Amino acid sequence: GDWSSDVCSSDLVVLKKGDHPYLTHSSVVSYGHAREYRVDKIEKMIASGWPLCDPCSDELLKAVQDGLLASPHTERRLKAVCQSAWNLEK
C-alpha cells in the first residue's frame, strides 16, 4: 500500500488523508509502539511544548481502539489495561 508502516504495524486500521486534520497521507497505526503513560508525565510533556492536535471523531477513536485490541503487535498487558479503562469485558 501507500501508507507508512514498519514491523510493529499492520493494516488493521488504515487512516486516510481527511480522516483527521493531522493526516497528510495514508498511514497505519503502529500498535507495537503503543505505551502507557502516567497523567502527570503527559501534563509535563504538554507544558513543555508538546504539540496538541485536534480531537478525533468518535468513529476514528473507536476504530483505533478496536485495532489496538485486535493487533498481534499490542502488548498483552497494555490490552488488559485498555480493556479495563474502557470498561470492556475480557
Side-chain angles (χ1 to χ4, degrees):
D2 64 341
W3 55 79
S4 303
S5 65
D6 62 33
V7 296
C8 295
S9 301
S10 66
D11 60 0
L12 285 169
V13 179
V14 178
L15 306 173
K16 298 175 209 65
K17 181 179 179 178
D19 286 346
H20 186 273
Y22 183 81
L23 297 170
T24 59
H25 59 277
S26 294
S27 300
V28 295
V29 179
S30 185
Y31 293 109
H33 290 111
R35 299 291 177 263
E36 177 183 12
Y37 290 97
R38 292 185 356 209
V39 172
D40 64 322
K41 181 170 182 170
I42 295 170
E43 289 171 341
K44 286 179 186 175
M45 292 166 62
I46 293 169
S48 70
W50 189 267
L52 298 177
C53 47
D54 296 329
C56 67
S57 68
D58 290 343
E59 295 81 15
L60 179 56
L61 178 60
K62 176 84 169 96
V64 172
Q65 289 174 327
D66 289 348
L68 180 135
L69 297 176
S71 176
H73 302 295
T74 307
E75 296 176 7
R76 284 186 199 164
R77 186 197 63 74
L78 185 55
K79 285 183 184 185
V81 167
C82 290
Q83 285 175 318
S84 176
W86 302 334
N87 296 314
L88 300 175
E89 293 183 24
K90 296 179 184 173

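Predicted model, so just to flag it, every value in this text is computed and none were measured.
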[X] side chain vs [Y] backbone, donor-acceptor pair below 3.5 Å:
{"X": "Tyr31", "Y": "Val64", "result": "yes"}
{"X": "Asp66", "Y": "Ala63", "result": "no"}
{"X": "Thr74", "Y": "Leu68", "result": "yes"}
{"X": "Lys79", "Y": "Leu69", "result": "yes"}

Measuring from atom [atom1] of [X] to atom [atom2] of [Y], what distance do you get when rounded to the nearest 0.5 angstrom?
{"X": "Arg38", "Y": "Glu43", "atom1": "CZ", "atom2": "CD", "result": "10.5 Å"}
{"X": "Asp40", "Y": "Met45", "atom1": "CG", "atom2": "CE", "result": "11.5 Å"}
{"X": "Glu75", "Y": "Arg35", "atom1": "CD", "atom2": "CZ", "result": "5.5 Å"}
{"X": "Lys41", "Y": "Glu36", "atom1": "NZ", "atom2": "CD", "result": "11.5 Å"}

Exercise. How close do Asp19 and Val14 get, heavy atom to heavy atom, and via which atoms?
Worked result: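 Residues Asp19 and Val14, closest heavy atoms: OD2-O, 4.1 Å.
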Problem set entry | Same apolar cluster: Trp86 and Val29, side chain cutoff 4.5 Å |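 Same cluster: Trp86 reaches Val29 through Ile, Leu, Val, Met, Phe, Trp or Tyr contacts under 4.5 Å.
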Exercise. With the 4.5 Å side-chain cut-off for hydrophobic clustering, are Tyr37 and Leu78 part of the same group?
Worked result: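 No, because Tyr37 and Leu78 fall into different hydrophobic clusters, even though each may have its own neighbours under 4.5 Å.
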Anything under 3.5 Å between a donor and an acceptor, one on a side chain of residues 51-61, the other on a protein residue two or more places apart or in another chain? List them.
residue, atom, partner, partner atom, Å
Ser57, OG, Leu60, N, 3.0

